[in-house]
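Structure record follows, encoded as structure tokens.
All of these numbers come straight from a predicted model, not from anything done at the bench.
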Amino acid sequence: MAGPLQSRLSTRDTTNVADSNQTLAESTSAPVQQRQHSAASLLDGKPPVKQSTPLGGGSNSDEVIVETTDRAVFITINRPERDNAMTETMLDKIIEAVDLDKMIVVDSVGPHFCTGWDLWSSDAGFHDEGMQRSILKCGALIDLLRRCRLPVVSVCRGGVRGGGMLLPCCSDLVLAETKTTFAFPEIRLGGIPGVVSVAALNRIPQHVAKRMMLLGTNVSALEAKGFGLVDVIAESAEELAVEKRRLVNRMLAVDPKLMSATKANIADENLTFESAIVRIGALNSSMRGTDTPSATANLVRLVQVEE
């Protein structure tokens, strides 16, 4: 990483977009590019066929698309020709995009959300120097996402594999298309789920995580919803986009200070009845939204979102 996380957070260069709804609408209607390579190796747990040159050509500058508003950061993984397999450069850009004081929404272009680390390139592998650096950066990303004061949302489709599991496992809310499958295939590829295993226990019960990691087999979106990894299942890509828009707009209608306080309250491992009462008492009227003009406006917005 180029420098300390605090330095990175204070020097990010992102573009502010005035209208959150416009950005969300654009992000859910992004064109799906034609795939040029099969990710069967990670999707079915077979060893990958290495490539001597990158596929797809062109610049990698748009492999992660970042759009920001005053309240949210929309991160779109955009490498469909490699089924959104992750590279160190992409990981750097995701880390750079995370803002601890904004809602984070992670989506993808193409049929798959993220198939983990790119094992197809000739210089990639579980023991490659770039991957070793990225393991440390994955740890930094887990720490960042855990410290986000507002909700983190992942919108999953297709295959979610290996290191790609880090994002939904670190999310507060996970949406998935019905055909989505989740897996940790590392053990079938000659590796182990390392740093991602730390993230996994955020949302996956330990006994389920053991089964998934020891066998490397897929679980469906329906099964994932049953054990708590997935919150909302959509029947189609169109319905997934609608659910994403509804969920994000609903959260944008809530005072961010109130949302932050609620998230902190739930995450407090030492929470007691007394400390909860103290925290509630510390909320001022604007945070509670009980007697301010903005409270009425927020209520109207929530009703509109529900409709």
Side-chain angles (χ1 to χ4, degrees), residues 1-15 27 30 32-39 41-42 48-68 73-99 104-145 152 154-155 158-170 186 189 191 194-196 199:
M1 205 175 306
L5 289 179
Q6 292 301 323
S7 174
R8 191 269 306 158
L9 289 171
S10 63
T11 59
R12 70 169 44 85
D13 181 19
T14 52
T15 303
S27 68
V32 177
Q33 301 180 15
Q34 181 68 31
R35 289 197 301 165
Q36 300 176 9
H37 180 72
S38 172
S41 57
L42 283 182
V49 177
K50 292 184 180 294
Q51 304 293 329
S52 58
T53 56
L55 295 178
S59 169
N60 62 6
S61 60
D62 59 351
E63 291 178 341
V64 174
I65 300 171
V66 178
E67 299 172 280
T68 67
V73 178
F74 297 91
I75 300 172
T76 303
I77 304 171
N78 182 38
R79 202 183 181 219
E81 71 278 4
R82 292 290 187 87
D83 288 320
N84 290 327
M86 193 67 65
T87 66
E88 185 178 3
T89 300
M90 294 168 67
L91 186 56
D92 284 338
K93 192 163 184 179
I94 292 173
I95 291 174
E96 181 71 20
V98 173
D99 188 324
I104 307 296
V105 182
V106 185
D107 205 336
S108 62
V109 171
H112 299 290
F113 177 74
C114 179
T115 54
W117 183 255
D118 184 359
L119 297 175
W120 301 304
S121 300
S122 60
D123 60 348
F126 285 114
H127 306 293
D128 173 70
E129 289 184 5
M131 183 160 187
Q132 297 304 310
R133 289 193 302 270
S134 293
I135 288 174
L136 298 177
K137 293 178 181 181
C138 282
L141 179 58
I142 291 172
D143 179 64
L144 276 176
L145 294 176
V152 178
S154 284
V155 184
V160 187
R161 300 288 185 270
M165 291 285 290
L166 183 154
L167 293 164
C169 287
C170 286
E186 289 89 341
L189 299 170
V195 178
V196 71

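Expressed to the nearest 0.5 Å, how far NZ of K137 lies from CG of D92 amounts to 3.5 Å. In this structure, CD1 on I94 lies 7.0 Å from SG on C114, to the nearest 0.5 angstrom. Distance CD1/I75 to CD1/I65: 11.5 Å, rounded to 0.5 Å. Taking CG from L144 and CG from D99, the interatomic distance works out to 10.0 Å, rounded to the nearest 0.5 Å. Atoms CG and OG1, on N84 and T76 in that order, are 10.0 Å from each other to the nearest 0.5 Å. To the nearest 0.5 Å, atoms CG (L141) and CG (L136) are separated by 13.0 Å.
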- Evaluate side-chain contact (heavy atoms from CB on, under 4.5 Å) for V64 paired with L91, printing each intermediate quantity in order. CA-CA 9 Å; V64 174; L91 186 56; over 6 Å; no
- Message: Please determine whether side-chain contact (heavy atoms from CB on, under 4.5 Å) holds for the pair V73 and V98, giving the CA-CA distance in whole Å, both sets of side-chain angles, and the decisive distance to 0.1 Å.
- Response: CA-CA 7 Å; V73 178; V98 173; over 6 Å; no
- Under the side-chain contact (heavy atoms from CB on, under 4.5 Å) rule, what do E186 and V196 come out as? Steps first, then yes or no, please. CA-CA 11 Å; E186 289 89 341; V196 71; 4.1 Å; yes
- Task: List the steps, then state whether side-chain contact (heavy atoms from CB on, under 4.5 Å) holds for L167 with I77.
- Result: CA-CA 11 Å; L167 293 164; I77 304 171; 3.9 Å; yes
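Closest approach of C170 to L145, counting heavy atoms only: CB-CD1, 3.6 Å. Taking each heavy atom of T115 and G159 in turn, the nearest pair found is CG2-O, 4.4 Å. Taking all atoms of both residues into account, the shortest heavy-atom contact from G110 to P80 is CA-CB, 4.0 Å. Heavy atoms only, all atoms of each residue included: G164 and F113 are closest at O-CE2, 3.9 Å.
Here R161 does not pair with D83 in a salt bridge; the nearest charged N to carboxylate O distance is not below 4.0 Å.
Distance alone, capped at 3.5 Å, places no donor-acceptor pair between the D118 side chain and the T87 backbone. Counting only distance, with no hydrogens or angles, the side chain of N78 and the backbone of V109 share no donor-acceptor pair below 3.5 Å.
E63 pairs with exactly one of R82, R79, K93 by the salt bridge (Lys or Arg N to Asp or Glu O under 4.0 Å) rule, that one being R79.
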